[in-house]
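Structure record follows, encoded as C-alpha cells.
Throughout, protein chains are lettered first and strands after them, A, B, ... in sequence-line order, and every chain is numbered starting at 1.
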Number of protein chains: 2
Amino acid sequence: MTIENAPSALPTDALAHHISDQARRRTGNAVKAMLKFTSKPGVLSLAGGLPNPSFFSFKSLATTVPSPLLLSPEAPQTTQINDAPTPQSSPDLASLFARALQYSMVDGLPEISDIAKQIVSSVYRPAYPDWTVLPTTGNTDALYKTWMTFCNPGEGVLAEEWTYSVMLSSILPLGLRPVPVKADADGMSSVALRNLLENWDTVAPKGLSRPHTLYLVPVGQNPTGTVMSLQRKREIYSICSKYDIIIIEDDPYYFMQFDDYGAKANGTATTASNGNNSWPESLQPTFLNVDTDGRVIRLDSFSKTLAPGLRLGWVTCNKLFSDRIYAMAEVTSQAPSGFSQTAVCALWAQWGLSGYLSWLEGLRTQYRVRRDAFIDALFEQFDITQDHTASGNVLTCYDVPAPGASTPRRALFSFVAPRGGMFLWVHMHVASHPRYAGLLASSGGKHKHRDEAAGELMQQLWQTFLENNIVVMSGTTFCTLTYCGADRFGFDRDALTTDHVRISYSNFEVTQMAEAGRRFGAIVQKFFEL
Amino acid sequence: MTIENAPSALPTDALAHHISDQARRRTGNAVKAMLKFTSKPGVLSLAGGLPNPSFFSFKSLATTVPSPLLLSPEAPQTTQINDAPTPQSSPDLASLFARALQYSMVDGLPEISDIAKQIVSSVYRPAYPDWTVLPTTGNTDALYKTWMTFCNPGEGVLAEEWTYSVMLSSILPLGLRPVPVKADADGMSSVALRNLLENWDTVAPKGLSRPHTLYLVPVGQNPTGTVMSLQRKREIYSICSKYDIIIIEDDPYYFMQFDDYGAKANGTATTASNGNNSWPESLQPTFLNVDTDGRVIRLDSFSKTLAPGLRLGWVTCNKLFSDRIYAMAEVTSQAPSGFSQTAVCALWAQWGLSGYLSWLEGLRTQYRVRRDAFIDALFEQFDITQDHTASGNVLTCYDVPAPGASTPRRALFSFVAPRGGMFLWVHMHVASHPRYAGLLASSGGKHKHRDEAAGELMQQLWQTFLENNIVVMSGTTFCTLTYCGADRFGFDRDALTTDHVRISYSNFEVTQMAEAGRRFGAIVQKFFEL
C-alpha cells in the first residue's frame, strides 16, 4: 500500500487479532459508563466517588517559562531572557487547574490531547485520517502498557540487535523474548528483517512463533544514535505489512535530528536556523506518515523536549488500539499528573505550536554542538577517516604512528556520527589491542573465546576510564544477543556482544564535552598501550 | 504473635516465597548500578541518558495553599483564609524543583519519602522497625504493581463480598479470581474468613489453591462504608499469619473516620475538634500497627486528602517487598510527577505534619456533616430504627402507614451509618415491594429467580432515580459473587447480588446533601408505590 490509496478511515477489524488475551478480558469501566447519565444538566449524581473539590489543598499554580527562542544560537545561553510568568489570574488557566486537581478520565484534560494533536497533525502527518492520541505518563509506562495490550507470554518481539535497555528489562520478566535484527548506520536493516521473516522456520528456535510486534527507536537510536531514513522506514513498513506485524515507534528524540558531522573535515557547523517554523519539514518523516494500515503505535514524550519530571507524553495510533491501551490505564496509571498537565498548558498558552517548534529548533542545535565538540576533540588526537554513506557518516579513528615508524597504523575505534539524539556509540576495535591475539590463542580461539577475550579487554578499558574519572556505559547492557542464548536467529556466531561503549553528550556544557573528548581520547590511547 | 514480642528486624526471607514468578525475573537496573560510580565527586559521567537541565523549559513553580485550619468547623467555609503563596524565591524549594524536573530513581525526591515516613511513624506506627516507604503514582497504580509482584495467573485473591470495583477490573484480566468473604458492619468477617480457609478443600472450586493474598479497604470501605475495628483487624491478621497470607491494606480514607451517626435520634453532632493534633489517636489503628510478621502492604494516597490530580501516594511495607515493587516501577511509571512532588513539598514547607493533621481534622468533619445531612433528611420521611451494635449503627427505614391503617409497616431499605469515607451503602428490601412476590412466583421461585426478580425491580428503581434526575451507583458493580459463577465458596445460594445501591455524599455542599436525601426518600417511596 502507498499513501496515495490510503483509505478514508481504517477498517481496524483487520487488526483486532493483535490484541492480547489479557487485553481482551478488560471490560468497559462502570464509572465511565455512568458518565452519559451524570453529565446531563440538572442531574444530582450520587454515583461517583469524587472527593469534594472545595477541599483540595491547592488554590493556584504558576510556572515561569523562558522565551522559546532561548536555545537558539543567537540567544544568550547562560542567562534566561524574557522569562514570562504564567498569568496566575488568567481565568482560563485557573479553571483548567481546578479541573486538573480532580479525578478525570485517563486521557486527562482535553487541552493536552489538543496539544498532542497539533503536533501530530502538523509535523507527523499520519497517513490515515482517524488516528487518535492518548496522553500517557511517559514512554516507559506507555511501552509497558503496549506489551500488556498486544503480547501474550512466550512471544518474540523484533528489535534492533542493540536496543534500549529498559525495553529489554520490560519484556524479559513478562516472558517475552527479544528477537534481534541486524542494524547498520541507518538503523534496523530491512534486508536482515526480510531474511529473518522469510526463513523464520529455519533460523528460529523450535516452538517460537513468528513475532507480530516490532520495536524500534528510529531517531537517535538508543544506544547506537542512528537516524532512520524515510526510504528505510518504507522498506521496514512494507515488510511489516506483508507479515502483519505491528510497529512500536518509540521516538522521544524525534525533534533532536541534525545534519551529519562535518565540522573539522568539511567546514563549519550545519543545521543553521532558517528563522521560521518550516524546519521540521527537513526531519525524517515518521512511521505514522507511511502507516496506511494503522499498524504503527507511536510513543511520544515531553521528557526530552520540556522536562522529564513532567512524566507526560502520548501515544498516537488507531482507535481500536488506543481504546485497549486506555483500558489498561484505567487500572494502572489513570491520568497523568494534573500539575504536569497544567504546567504544559501554561507553557502552551505562551508558546503555542509555533513557540514550541522554535524551542525545539534551538534544542537540537544545542545537542548538535555538543556532539561536534566531542568529535572535534578526537580529531586533535587521532588520524580519522570519514566514510560518508547514504545512511550515515562512519568515522574510524586510527593511531598516529611516530614519524618514520615502520608499523602500519591501527584502527582503534569507530562510530557513526550521530545525526540525532544524545548518544554516540563507540565500537572498540579490540582486535587491534596488543594483548588480544595472545588472549584468544591461550583460550582456544573458538568464537565464544573471542567474546571472552574481548570482554576481558573491555572490562580493563572500563576500569581505566573509571580510574581517570570518566564513566561510560558498557555496550553489553543493550545487547539483545545476550538474551538469545544458543539461539541467535542466524546471527554470525562470531558477533561480539562486548565491544561497544555508549557515550552520552547531552548532559554537559560545550566546553565540558570538548574536555570529555580529550580525556576519552587519552584514555583510549593508554588502553591500546600507545 | 503480638506486638510485644515483635522482632527488632524482620527475617523477610520467610516471606520471599510470596514473590510472583514475573517479579523474580526482574533483575537489577543497569543505570542504577552505575550510580555508585557516577556519584563520586570529580567524575565526568558520559554513561547516563539524562537530558541537559539547562534546557528544561520551566524555570519556577509556585502554588498557593490555604491555611490548614480552613476546613475546621470554626473557619469560614466559602472563602479561603490566609492563603499563603509558596515563596517562589525560597532557595530550598527552587533547588528542589530543579531536581524534580530531571529523571530520578523511581522513589522520586527524598523529601517525599520523608513526608510519608513522618505520617507512617507518627500515626500508623508499624509494629516492626525496618519498614520502608515507596512513593507511587496513587493507589490504583500501586495496586496493579502489587498484583504483578505477588500473584501468578490462576490464583485467587481474598476480598470482601462487596469490594472496590477497580480492584475487580484490575485482577480479572490478569487471570486472578476474587474469592469472596462475608462481611458485616465491621468489614470482612473473621469468622467467615477462618471457616473458608479451614474448609478450603471442601468449598473451593477444584484446582484453585488457597489464596496467599487478601485485599481489603479497612476504612470507609468502598462500597459499604464500614470502618474495621482494631479487634477485627487483630482477628483477621492472626488468621492471615496462621495461613501465611499477605494483607493488602488499601486505605485512602484512613483519616476520614468519624463517630457513629446520632444527630436526630440521640442529640447533636459528634467528632468535635479537640484543638490539638492528638486526634489521630482516636482513629482505628492500621494493619501496619499489628503487623509483626511484615505481611502487610499498605497503600496510601494524597488523592482524598490533598487532591486526586497529584497522582501521588506511597506504599509502606517490608524492604523485600518494596524492592520488588520498585523494580516493577522502573519499567512502568518510573517516579511520580516532579511537579506534583514539588507542590506537596511546598505545601509541607508551610504546613508540616502538624498543619497536615489539622487539615485532615477539618476534612473529616466536612465529610461527616454531609453524611449527617443526608441521613437527617431521611428521618423526615421514614420511620427509622437504629440498632447500635459494637461494630456499627444499622438504620432500617420503614414506611409510615396512614393513621389507622391496618397494614403493618414495611422495612423498605437499611444501611450501616458510615463511620468513615464517602459512601453510604443502601440495602433495598426488594421483598417488600408489592410486585416482588408475583415476579418470583411467575418465574419458578428458585434461588436464581430471586436474583432475577430483584434485578428487575432494581433496574426499575434505577430508572426512577434517573427520571428524577438522580444517579446512584448500582451495587452489582461491586459484587465479587458475580464473578464466582457457580462456585460461590460456600456462600448462601440465595444471596442476592443485585439489591444494593451506593450513594456518595462527598461531592456536594451540605444543603445539597439534605436536598439529595429528600429526593432520594421521595423516589424510594414512589418505587414502593406508597
Can you tell me which portion of [X] sits under 4.5 Å from chain B's heavy atoms? Options are side chain, backbone, both or neither.
X: Phe302(A); answer: neither
X: Arg519(A); answer: side chain
X: Ala343(A); answer: both

Using heavy-atom distances under 4.5 Å, tell me whether [X] contacts chain A through its side chain, its backbone, both, or neither.
X: Phe374(B); result: side chain
X: Lys40(B); result: side chain
X: Ser303(B); result: both
X: Trp462(B); result: side chain
X: Pro223(B); result: neither
X: Ala516(B); result: both
X: Arg24(B); result: neither
X: Met167(B); result: neither
X: Arg311(B); result: side chain

Nearest heavy-atom contact between Thr140(B) and Glu330(A) is CG2-O, 3.8 Å
Which heavy atom of Phe423(A) sits nearest a heavy atom of Gly48(B), and at what distance? CE2-O, 3.7 Å
Partner chain A: residue of [options] with the largest heavy-atom pair count (under 4.5 Å):
options: Val471(B), Leu310(B), Thr342(B), Leu312(B); result: Val471(B)
options: Ser104(B), Ser337(B), Ser333(B), Ser474(B); result: Ser337(B)
options: Gly362(B), Ala23(B), Ser45(B); result: Ser45(B)

Who passes side-chain contact (heavy atoms from CB on, under 4.5 Å) against Leu363(A), sequence neighbours left out?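 Once residues adjacent in sequence are excluded, the partners of Leu363(A) under the side-chain contact (heavy atoms from CB on, under 4.5 Å) criterion are Leu71(A), Met256(A), Leu360(A), Tyr367(A), Phe55(B).
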For Thr136(B), the side-chain contact (heavy atoms from CB on, under 4.5 Å) test, sequence neighbours excluded, returns Ala142(B), Val315(B)
What verdict does the side-chain contact (heavy atoms from CB on, under 4.5 Å) test give for Gln334(A) and Thr137(B), after you've listed the backbone C-alpha separation in whole Å, the side-chain angles of each residue and the deciding distance to 0.1 Å? CA-CA 9 Å; Gln334(A) 301 195 351; Thr137(B) 52; over 6 Å; no
Value rounded to 0.5 Å, distance of CG in Leu46(A) from CZ in Arg502(B): 10.5 Å
Distance (rounded to the nearest 0.5 Å) between Lys304(A) NZ and Leu50(B) CG: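 It comes to 9.0 Å.
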Mark yes or no for whether [X], through its side chain, and [Y], through its backbone, hold a donor-acceptor pair below 3.5 Å.
X: Thr63(A); Y: Ser60(B); value: yes
X: Ser340(B); Y: Phe339(A); value: no
X: Ser504(B); Y: Gly49(A); value: no

Taking the side chain as C-beta and beyond, is there a heavy-atom pair between [X] and [Y] under 4.5 Å?
X: Ser57(B); Y: Leu306(A); answer: yes
X: Asn507(A); Y: Pro53(B); answer: yes
X: Gln366(B); Y: Asn52(A); answer: no

Are Phe58(A) and Thr64(B) close enough, and set up right, to give a side-chain contact (heavy atoms from CB on, under 4.5 Å), and what steps lead you there? CA-CA 6 Å; Phe58(A) 300 96; Thr64(B) 321; over 6 Å; no
